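Scroll down for the structure; my scribbles are underneath it.
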Amino acid sequence: MDAQQREAGVDRTTGTRGQHEPDADTLTGTGTAAGAGAGLRGSAFVPRQENLELPLPPVFTDAAQEREHRKQRLAGACRVFGRLGFSEGVAGHITVRDPEYPDMFWVNPFGMSFRHVRVSDLILVDHEGQVRHGRRPVNRAGFVIHSAIHAARPDVVAACHAHAVHGKAFSSLGRLLDPITQDACAVYEQHIVHRDGAGAVVVEEEAGRQLAAGLGPHKAVIHQNHGIFTVGASVDEAAWWFISMERSAQAQLLAEAAGTPHLIDPEAARHTREQTGFPLAGWFSFQPLWDEITRTEPDLFE
């Protein structure tokens with residue numbers, strides 16, 4: 001059995017084994033963290049030619065299968081973050097809400113390298129900070145922030161944060177990402193800067209609640225002097241927004257070091273966001289990274 005067959009969702013284009021076809025609201029992200037935009041219909045992501053298959057995220061009717069699927073994607077996202085160099089000692093955490101117990105979430109254990117995380121290593125944490133499954137501790141800062149986000153945003157399934165170099169460097173400027181590239185437009189008017197507690201390690205629950213409140217309905221927040229946090233309706237989506245924002249921060253730092261970038265005008269930026277900034281687009285953009293990591297590091301499924 002290969003890596004992709006190990007997934008709880010065997011077929012991403014048809015519903016099998018506890019899955020069913022996604023409905024229009026699921027695909028367009030109606031009511032989700034990043035639901036703004038044109039959604040699936042009219043998007044450049046959708047082939048215009050008939051009889052072509054577009055991979056879609058599975059939708060489950062069985063909680064156990066969905067749990068396994070979410071845990072696999074979480075372990076895979078950790079491996080991708082590690083491969084991309086987002087590790088910084090013990091900092092960094094990715095969480096996914098449990099489908100059966102929505103007041104609990106799965107997270108990578110404290111002190112384990114992103115590059116080594118396996119499905120069996122993941123721990124289940126409740127909103128009181130108690131580890132309900134697993135033997136490893138949870139990162140206190142990760143619990144404080146992610147539990148607040150999951151509590152404040154029932155629509156959020158997954159959240160990502162890492163101390164990646166360019167995101168934390170850009171966060172020190174206390175600015176939004178400018179629409180200077182097509183990629184940056186995916187989060188145009190969909191991210192904010194949070195300045196409270198700038199630079200202080202977030203270990204108090206009130207600080208976590210303030211950051212979650214600052215996030216509001218957006219898909220991402222830049223915490224000043226700290227870094228980027230992203231959310232999504234799936235691990236794949238949240239992970240892609242983080243990767244894309246990290247790279248957009250790098251691009252903006254490089255462009256401003258060389259000169260004064262020309263901004264994309266607001267109408268064009270919104271149009272690009274509508275084409276590339278909705279949940280399915282985020283999920284789909286992560287799939288090449290998922291395919292690569294599962295083929296080269298199949299031990300993540302252990």
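The shown structure was predicted, so the numbers you read here are calculated from the model rather than taken from an experiment.
- Annotation: the span from W283 atom CH2 to W240 atom CH2 amounts to 13.5 Å, rounded to 0.5 Å.
- Among L177, L176, L173, V221, the single residue meeting the side chain to side chain contact (heavy atoms under 4.5 Å, CB included) criterion with V193 is L176.
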**OP:** Determine, stepwise, if the pair F81 / F242 fulfils ring pair (Phe, Tyr, Trp, His ring centres under 6.0 Å).
**Re:** CA-CA 10 Å; F81 274 31; F242 185 94; 5.1 Å; yes
**OP:** Check the pair R136, D121 against salt bridge (charged side-chain N to carboxylate O under 4.0 Å, His left out), reporting the backbone distance first and the verdict last.
**Re:** CA-CA 8 Å; R136 300 286 294 264; D121 295 317; 5.8 Å; no
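- V125 and V119 fall into different hydrophobic clusters, where Ile, Leu, Val, Met, Phe, Trp and Tyr residues are linked whenever their side-chain heavy atoms come under 4.5 Å apart, directly or through other members.
- In summary, the side chains of Q250 and E246 do not present any donor paired with an acceptor at a separation below 3.5 Å, with no hydrogens or angles considered.
- No side-chain N or O of H150 forms a donor-acceptor pair with one of H127 less than 3.5 Å apart.
- Between E66 and R70 there is a salt bridge, with a side-chain nitrogen of the basic residue lying less than 4.0 Å from a carboxylate oxygen of the acidic one.
- In this structure, a donor-acceptor pair under 3.5 Å is absent between the side chains of W290 and D236.
- For the residue pair C78 and N108, the shortest heavy atom distance occurs at SG-CB, 3.8 Å.
- One finds no salt bridge joining E237 and K219 here, because no Lys/Arg side-chain nitrogen approaches an Asp/Glu carboxylate oxygen to under 4.0 Å.
- In summary, the side chains of H161 and H226 do present a donor paired with an acceptor at a separation below 3.5 Å, with no hydrogens or angles considered.
- By the 4.0 Å N-to-carboxylate-O rule, D299 lies close enough to R79 to be salt-bridged with it.
- Proximity of the aromatic rings of H69 and F60 is defined here by a centroid distance below 6.0 angstrom, and this criterion is met.
- Between R209 and E204 there is no salt bridge, since no side-chain N of the basic residue sits under 4.0 Å from a carboxylate O of the acidic one.
- Among T230, I222, I228, the one residue that satisfies the side chain to side chain contact (heavy atoms under 4.5 Å, CB included) test with H191 is I222.
- The side chain to side chain contact (heavy atoms under 4.5 Å, CB included) with R73 is formed by just one residue from the set V96, V235, I94; it is V235.
- The cluster map of Ile, Leu, Val, Met, Phe, Trp and Tyr, joined by side-chain heavy atoms under 4.5 Å apart, puts L74 and F301 in the same cluster.
- Using modelled atom types, one finds no donor on one side chain facing an acceptor on the other under 3.5 Å when comparing H223 with S171.
- Nearest heavy atoms, P266 versus Y188: CB-OH, 3.5 Å.
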